[in-house]
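Each remark here refers to the structure printed beneath this line.
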Amino acid sequence: MTESPQQSPADVDLLGLITIAFSNKLLITVCALVFFGLATAFAFYLKPVYRTEVVLLPADEEAQSDSLSALAGQFGGLASLAGINISGDNSKEKAMATLSSRSFTLSFIREKNLMPILFANKWDNEAQKWKPEDPVEHPTEWDAFKLFDRKVRFVEEEPRSGTTLLAIQWKDRELAATWANELAARVNKQLREQ
């Protein structure tokens, strides 16, 4: 008696797979068409989100760049050995902190009256009031800050160039560009005044 060798799951016959695929070609075609149709419908259903990016270079950094580069060239090695940073990144850190701060963001939201825009689904534009009658269900300034901070405004440091990037993502491209430009102008003005 000779035993027949058993096939392991790894020993799959390519010809067998092709035969199975051809025998189920109708099922495979229907599944592919259904998934293609769902993906196409989903793509048309989604609303576009526009992203506007502004590169920020703090105002006082431009004036100090020549003197700082000369100073860094002379004393940079000695200062780095002592653990001292003389690169002038303090204004960049101030700009990032200011842009991300709650008070700066809330003053922008209040002055531009962005609550009805940020929460358009809860705002009745004709009656100029919030849709839910219960004031407890109305969005608060804290809700507006969280939404703006997490889903609308992004502040990032570009490691290669050392600049600050302000990005606004919103459904309306004109509003996204306007908000990004106004935030950049406000932060520059506030840092100059300080």
Side-chain angles (χ1 to χ4, degrees), residues 1-57 92 95-97 99-102 105 108-109 112-127 129-134 136-184 187:
M1 283 196 244
T2 60
E3 293 181 25
S4 64
Q6 293 182 345
Q7 269 191 325
S8 68
D11 298 336
V12 177
D13 185 19
L14 182 61
L15 186 59
L17 283 177
I18 293 173
T19 306
I20 292 171
F22 272 120
S23 65
N24 293 316
K25 64 184 170 192
L26 182 63
L27 178 65
I28 293 172
T29 304
V30 168
C31 287
L33 288 174
V34 166
F35 283 114
F36 177 75
L38 287 173
T40 304
F42 188 68
F44 281 112
Y45 176 73
L46 288 178
K47 294 181 181 177
V49 174
Y50 300 96
R51 182 176 173 100
T52 301
E53 295 180 350
V54 177
V55 177
L56 299 175
L57 183 63
K92 179 175 55 174
M96 289 182 70
L99 274 170
S100 301
S101 75
R102 185 171 48 166
T105 305
F108 180 74
I109 290 171
K112 296 297 176 184
N113 194 24
L114 298 184
M115 294 282 289
I117 297 170
L118 293 174
F119 301 102
N121 58 339
K122 294 184 177 184
W123 179 255
D124 185 359
N125 208 18
E126 291 179 12
K129 65 178 188 174
W130 295 109
K131 287 180 185 176
E133 295 299 324
D134 186 10
V136 175
E137 295 180 28
H138 296 175
T140 62
E141 285 186 344
W142 175 247
D143 295 329
F145 170 72
K146 286 192 302 187
L147 176 68
F148 201 81
D149 189 49
R150 295 178 184 165
K151 297 189 178 192
V152 177
R153 181 212 50 223
F154 303 93
V155 181
E156 304 160 357
E157 181 180 354
E158 287 291 317
R160 284 183 280 158
S161 62
T163 58
T164 303
L165 180 72
L166 166 66
I168 300 290
Q169 281 187 196
W170 194 245
K171 300 174 264 189
D172 183 354
R173 65 179 173 213
E174 292 176 8
L175 276 179
T178 302
W179 292 351
N181 289 329
E182 288 180 4
L183 282 170
V187 76

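The basis for the numbers below is simple: all heavy atoms, side chains too, and nothing from hydrogens, waters or symmetry mates.
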Look only at the side chain of Asn24 and the backbone of Ile20, and say whether a donor-acceptor pair between them is shorter than 3.5 Å.
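Checked: pair present.
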Atom [atom1] in [X], atom [atom2] in [Y]: separation rounded to 0.5 Å?
X: Met115; Y: Asp143; atom1: CE; atom2: CG; answer: 7.0 Å
X: Glu156; Y: Thr163; atom1: CD; atom2: OG1; answer: 10.5 Å
X: Arg51; Y: Gln169; atom1: CZ; atom2: CD; answer: 5.0 Å
X: Ser23; Y: Ile18; atom1: OG; atom2: CD1; answer: 12.0 Å

Classify the ring geometry between Trp123 and Trp130 as parallel (under 30°), tilted (30 to 60°) or perpendicular (over 60°).
perpendicular
Going by the angle between their ring planes, with limits at 30° and 60°, are Phe148 and Trp179 parallel, tilted or perpendicular?
tilted
Answer yes or no: is there a side-chain heavy-atom contact under 4.5 Å between [X] and [Y]?
X: Arg153; Y: Ile168; value: yes
X: Phe154; Y: Glu53; value: no
X: Thr105; Y: Arg102; value: no

Could you tell me whether Lys151 atom NZ has more than 12 heavy atoms of other residues or ligands within 6.0 Å of it?
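No, the 6.0 Å shell around NZ holds no more than 12 heavy atoms from other groups.
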Heavy atoms only: give me the nearest Ala180-Leu166 pair and the separation to one decimal.
O-CD2, 3.6 Å
Test applied, side-chain contact (heavy atoms from CB on, under 4.5 Å); reference residue, Leu175; option that passes from Ile117, Thr52, Leu114
Ile117
Residue pair Leu99, Phe108: steps toward the side-chain contact (heavy atoms from CB on, under 4.5 Å) verdict:
CA-CA 10 Å; Leu99 274 170; Phe108 180 74; over 6 Å; no
Pairs meeting criterion side chain to side chain donor-acceptor pair (under 3.5 Å) with involvement of residues 29-45, two or more places apart:
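Found none.
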